[in-house]
Structures are given as structure tokens and as C-alpha cells.
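Here's the structure, in C-alpha cells; my notes come after.
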Amino acid sequence: MSRPVKVRFAPSPTGDLHVGNIRTALFDWAYARHTGGTFLFRIEDTDTTRVTDEYIKAAIDTLRWLGLDWDEGPEVGGDNGPYLQSQRLDIYTQWAHTFIEQKDAYYCYCTPQELEAVREAQRAANQAPGYNGHCRELSAEQITEYKAQERGAVVRMRMPEGSTTFDDLIRGEMQFDHRFVPDFVLARADGSPLYTLAVAVDDVLMKVTHILRGEDLLSSTPRQIRVYQAMGLKEQEYPVFAHLPFVMGADNAKLSKRNGEVSIAWYRDKGFLPEAICNYLALLGWSPGDNRESVTMRELCELFTVEKVNSSPARFDMKKLEAINADKIRALSIEDFLSRVLPFLIKAEVITGTPDEIELVKRALPIIQERIIMLSEVPAMLNFLFVQELTIESESLSKVNDADAKVILRRSLKELELVSDWRHTMIEAVLRTSLIDEMGLKPRVAFGAVRIATTGSTVSPPLFESMELLGKEASLARISAALAL
RNA sequence: GGCCCCGUCGUCUAGCGGCCUAGGACUCUGGCUUCUCAAGUCAGCUACGAGGGUUCGAAUCCCUUCGGGGCUACCA
């Protein structure tokens with residue numbers, strides 16, 4: 001097996017790419033990069049009723065955003081294109097014909113109703129459900145009769161007796177008895193190809209060597225191998241399979257809207273960093289082996305091997321994703337942090353994006369960097385720096401307009417007016433001396449009142465730094481305003 | 001129902017016959033620190049699904065059982 005590695009990620013974009021898809025894409029990508037092979041991206045849009053252009057576009061965007069760059073595929077091209085199956089229909093049709101000619105496949109005239117009736121009977125008789133081979137050996141007369149009845153004909157693959165054995169990189173040797181792999185449909189009555197045909201043909205034609213995909217496809221593997229055989233491949237030319245375990249939702253089964261969001265777009269909007277998502281997902285079903293939890297994309301490429309992928313399913317844990325995201329945010333340089341956070345501030349209309357605003361945001365970032373889990377929290381946290389009229393949150397109102405608070409604020413105002421060098425160290429020194437040392441107040445109480453007056457909330461970034469950023473004029477004005485309540 | 005996959009703390013995992021009185025991370029609980037919130041730091045809770053074997057010795061190997069999941073389409 002010295003052929004160069006080529007791994008493919010081939011989603012069927014029937015919606016936004018979700019967590020499970022991305023975990024697969026990440027492993028595909030990491031394996032390709034680890035081996036120095038090729039990463040191929042293909043769109044499986046043979047189900048025209050469910051796949052839309054929008055979803056295809058979204059899939060491409062998502063992969064790009066995550067940094068999972070592909071060597072062959074949509075937009076980048078390659079020698080084995082096109083990479084949208086909807087543009088390869090002729091190829092599949094040709095192969096379907098070839099299979100018919102070779103007698104590997106045959107036309108099946110059974111109607112959906114008839115097939116359903118058969119399945120029903122099988123269920124009732126407690127038999128393995130599946131096509132009964134009705135049209136396997138039709139006589140010329142029968143065919144003419146069916147045609148006369150204007151029945152449609154699907155192309156069905158003939159499964160020979162025996163079994164299919166292959167070596168799954170994650171699960172070991174797999175064997176499927178053909179008694180439980182019925183003849184399957186390759187092309188619809190209208191001639192359009194089905195997944196079973198298109199995947200196999202494309203993997204062969206695109207020279208894919210390794211197929212890492214969800215374990216839901218495990219039992220369809222014998223069918224794919226059957227197509228390889230019909231295409232004339234030798235066993236050593238088959239791609240190698242590795243079926244990845246599922247990513248499941250918090251409680252029960254598969255990940256769904258109910259237990260944690262599935263759409264990667266949602267995580268992006270929430271302000272999860274792509275590298276955090278990848279880091280977290282990498283740990284779902286795979287482990288670097290040592291105790292490290294923080295993995296960069298580069299390290300992932302270096303360390304990732306399929307053999308180390310677990311065979312058991314993993315539950316998606318939002319809390320851990322959040323913890324990793326918070327870590328990654330803390331590790332960001334201020335410049336990087338700034339560029340990532342600006343879109344959130346502008347979208348939330350906290351700022352419009354003027355150079356002055358950006359400069360102030362940049363100065364404020366260090367004091368909020370370790371206080372957020374997601375970028376989407378930033379607008380609410382920095383809003384107080386940019387509003388003209390500060391509104392004090394209702395729950396905190398009572399704490400600034402009572403008599404004790406007034407005393408604190410009056411004193412603070414008086415002392416702060418004298419501060420000429422408006423830096424947080426000076427502000428703190430002045431306030432500490434007057435409120436804590438001289439008035440004997442508890443820091444919590446004294447600074448609490450000032451905090452509410454200047455930031456509008458009992459929870460804020462560090463007080464003195466916040467006041468420095470706000471500026472002397474605005475700070476004093478806000479204290480005065482609170483006094484007037 | 002049939003076929004197939006899977007089973008270590010609440011969660012993700014390390015473990016691949018003795019190094020395991022089972023390690024790490026997240027979560028949770030309590031303490032310290034502290035201008036709020038965080039961060040940091042210390043401590044604690046909690047696991048080999050069950051039952052049989054094999055072996056001097058089993059989380060690690062085998063069998064059974066129970067539990068979870070997938071497939072069973074003219075979806076992918």
C-alpha cells in the first residue's frame with residue numbers, strides 16, 4: 001500500500017453542515033495532512049430534492065472558515081473534476097449501462113407499491129427485508145409487457161452469493177453475508193444516479209485511497225465494494241475504509257436541535273473560534289495519547305492517526321467546548337482578538353467602526369479577555385464605554401440611590417475631581433484612601449456603588465481600568481448623574 | 001423482527017495481562033485570592049454495565065447477558 005494517500009470529504013449538503021459532518025471533515029483533513037497526502041472535497045448533490053445551492057455555498061464557506069483547506073474540489077479545481085456530482089451525471093449513466101451490459105446489474109420494473117408489499121410480507125414472516133430478486137432474470141416477453149404497461153425501470157445491482165470482507169482501520173475485519181445485502185438500486189427510473197452508484201464511481205475515478213466517514217455508512221460498504229468489482233478493480237485497489245464513531249447529543253441519540261446546536265453556523269455567530277471548535281472536535285473520538293487537551297491545528301496534523309480513533313460514540317459537551325473556547329480567546333494576541341471581535345461590536349451596533357472607537361476597543365480588550373467565553377459577549381461588556389446616556393440596570397438601581405450610596409458617590413466625586421493624572425492606579429489610590437481608609441468602608445460596598453454609577457451594572461470589567469477607559473469627564477458626569485437620581 | 005457497531009468517573013478520554021488502592025480534562029462542590037464578574041490556585045465527589053470463564057494475576061483475552069446506537073429507500 002505504497003500509493004500516495006488521498007482522502008475525501010463528501011457531504012451531501014441537505015442543510016447547514018453540522019457538528020458531526022465537521023468532525024468527519026476534520027479527521028479527513030488531518031489524516032491527509034498527517035500523511036502528506038491529498039485532501040479532496042466533493043459535493044454529493046444527487047438528491048436534487050434536498051440539496052440546494054445555498055447549502056453548497058454554506059458548506060464551502062464553513063470549511064474555509066474552519067481552515068480545512070482542500071487540494072481538490074469546488075473552487076480550487078483539480079485533475080479529477082468536476083467535484084459536484086450534479087455535474088457528473090453522464091459518467092454515472094455510462095457506468096450504469098456498462099454494469100447492465102456486463103450483467104452485473106439489471107433493469108427492475110417493480111413499482112414502489114409492489115416493493116413495499118414485498119417488504120411488508122417479509123416483515124410479517126419475520127424474514128430479512130430486502131429486494132426479492134423478482135426482476136433478476138426476466139424473459140424478453142415479460143420485459144415487453146412491462147414496457148407496454150409503461151412501467152419505469154430502475155437499475156439494480158446484482159449481489160452474488162457469498163460475503164464481503166474488508167479491513168476497517170478502526171474496527172478491524174468486517175464481514176457481511178450477502179444474504180443480508182439485497183440487490184440495490186443504482187439509478188432511478190428517470191436515469192438519475194443514487195448515492196450507491198455515485199460515491200463508488202467517484203471514489204474510484206478520483207483515485208481516493210482512504211475513506212473516513214460516519215459509521216452509519218458501515219453497512220453500506222459491501223455495496224460499494226460490489227461496485228468497485230463491477231468497475232474492474234482488484235482488491236488491492238479498493239480504497240481503505242475507516243468508520244468513525246458518531247457524535248451524539250447530550251442526552252439520548254444523535255445530535256439534534258434539542259440538545260445543543262448542530263449547525264456550525266450557529267457556533268460561528270455565537271463567537272466560537274474555529275480553532276476552538278476544531279480542538280474540541282478533535283478530542284471527540286480521538287486523543288493525542290498524552291494528557292494534553294489543547295491542540296493546535298498544526299499539532300493535530302502531526303499527531304493524528306486513524307488507528308488512535310475510538311470505536312465508541314462520543315457525546316457532545318457544550319461546557320467543554322466553552323472551556324476550550326475561553327482558553328483559546330485568552331491565548332489570542334490583542335491584534336488578533338481585536339480583528340475577531342470588531343464584527344460582533346459593529347453588528348450589535350455598539351460601535352460603527354470609526355478609528356477612535358476601534359482604538360478604545362483595543363485598549364479595553366486586555367481587561368475583558370479573560371472574562372468571556374464567546375466573542376458574542378463582548379458587545380454587552382463594552383457597551384458602557386460607548387453609550388451617551390447610561391441606563392442603570394433596574395436591579396441595581398436601589399443600590400445607588402439610597403442614602404449610603406449617595407455619601408459614597410459624593411465623596412468619590414469630590415476626590416476624583418482633583419485627580420489630574422487619570423490613570424487607573426491613581427484613581428484606585430485616591431478612592432482607596434478616601435473611601436476605605438478614611439471612611440472605613442468595605443471595598444465591596446464602596447466600589448460597588450461607584451461601579452454601578454459608572455458602568456450601570458454590578459458586574460463589570462475591573463472598575464478602575466474601566467474608569468480610565470471611560471475618561472475623567474464621562475466618569476464624573478456619570479457619578480453626578482447617579483447622585484441626581 | 002433481521003443484520004451490524006458500541007459499552008472506563010455526569011461528559012470527553014488514558015489504559016492495550018502485573019507500573020491501576022484506575023491517570024488527565026471539562027462539569028459539579030468546598031477553600032484560598034479578591035473592587036464585582038472572571039482568571040488563578042488548593043482540595044473533594046464520582047467509573048472499569050452484569051455474570052461466567054482463561055490465568056499465579058484481568059479494565060485489559062473468551063463466552064453469555066443487559067444496555068445504547070446504526071442500517072434495513074427510486075435519502076445520503
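Order of the sequence lines fixes the chain letters, A, B, ..., with proteins taken first and strands second; residue numbering starts at 1 for each chain. Hydrogens, waters and symmetry mates are skipped; everything else that's a heavy atom, side chains included, is used.
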Whole-Å distance between [N] [atom2] and [X] [atom1]?
X        : N     : atom1 : atom2 : value
A:Glu370 : B:U41 : CD    : C1'   : 14 Å
A:Lys319 : B:C28 : NZ    : P     : 6 Å
A:Arg315 : B:U8  : CZ    : P     : 9 Å

[options]: which one has an atom nearest the side-chain heavy atoms of [X]?
X        : options             : value
A:Asn291 : B:G23, B:A73, B:G70 : B:G23
A:Leu194 : B:A73, B:A76, B:G24 : B:A76
A:Val459 : B:U36, B:A76, B:C35 : B:U36
A:Glu465 : B:C35, B:U11, B:C75 : B:C35
A:Arg330 : B:A39, B:C74, B:G24 : B:A39
A:Arg223 : B:C12, B:A76, B:U11 : B:A76

Strictly below 4.0 Å, heavy-atom distances to any atom of RNA chain B: list the hits from residues 305-312 of chain A, or just say none.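 Residues of residues 305-312 of chain A that come under 4.0 Å of RNA chain B are, in numerical order, A:Asn310, A:Ser311, A:Ser312.
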Residues from residues 372-382 of chain A lying under 4.0 Å of RNA chain B - heavy atoms: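 Listed by number, there are none.
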With a 4.0 Å cut-off on N to O distance, would you call A:Glu393 and A:Arg451 a salt bridge?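 Salt bridge between A:Glu393 and A:Arg451, a charged N being under 4.0 Å from a carboxylate O: no.
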For B:A25, which nucleotide is its Watson-Crick or G-U wobble mate, given both distances must be under 3.5 Å?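 Checking every strand shown, B:A25 finds its partner in B:U11, with both distances under 3.5 Å.
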Any base atoms under 4.0 Å from [X], or only sugar-phosphate, or nothing? Heavy atoms, all strands.
X        : value
A:Ala189 : base
A:Gly214 : nothing
A:Pro245 : nothing
A:Ser287 : sugar-phosphate
A:Tyr280 : nothing
A:Leu217 : base

Name the orientation class of the two ring planes belonging to A:Tyr31 and A:Phe304 (parallel below 30°, tilted from 30 to 60°, perpendicular beyond 60°).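 Plane angle over 60°, so perpendicular.
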Determine the interplanar angle of the A:Phe316 and A:Tyr280 rings, folded into 0 to 90°, and report it as parallel if under 30°, tilted if 30 to 60°, perpendicular if over 60°.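 The arrangement is perpendicular - the two ring planes meet at more than 60°.
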Less than 3.5 Å between a donor and an acceptor, one on the side chain of A:Arg171 and one on the base of B:C5, is that the case here?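 Looking at the base of B:C5, it does not pair with any donor or acceptor on the side chain of A:Arg171 (distance under 3.5 Å).
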Check whether the side chain of A:Glu293 and the base of B:G24 form a donor-acceptor pair under 3.5 Å.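 Present.
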Matching residue for A:Thr221 among A:His243, A:Arg226, A:Met174 - test: side chain to side chain contact (heavy atoms under 4.5 Å, CB included):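 The single option meeting the side chain to side chain contact (heavy atoms under 4.5 Å, CB included) with A:Thr221 is A:His243.
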Roughly how many Å apart are B:C16 and B:A59, using the P atom of each and rounding to a whole number?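 After rounding to an integer number of Å, I get 13 Å for this pair.
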Distance between P atoms of B:C42 and B:U60 (Å, rounded):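 It comes out at 34 Å once rounded to the nearest Å.
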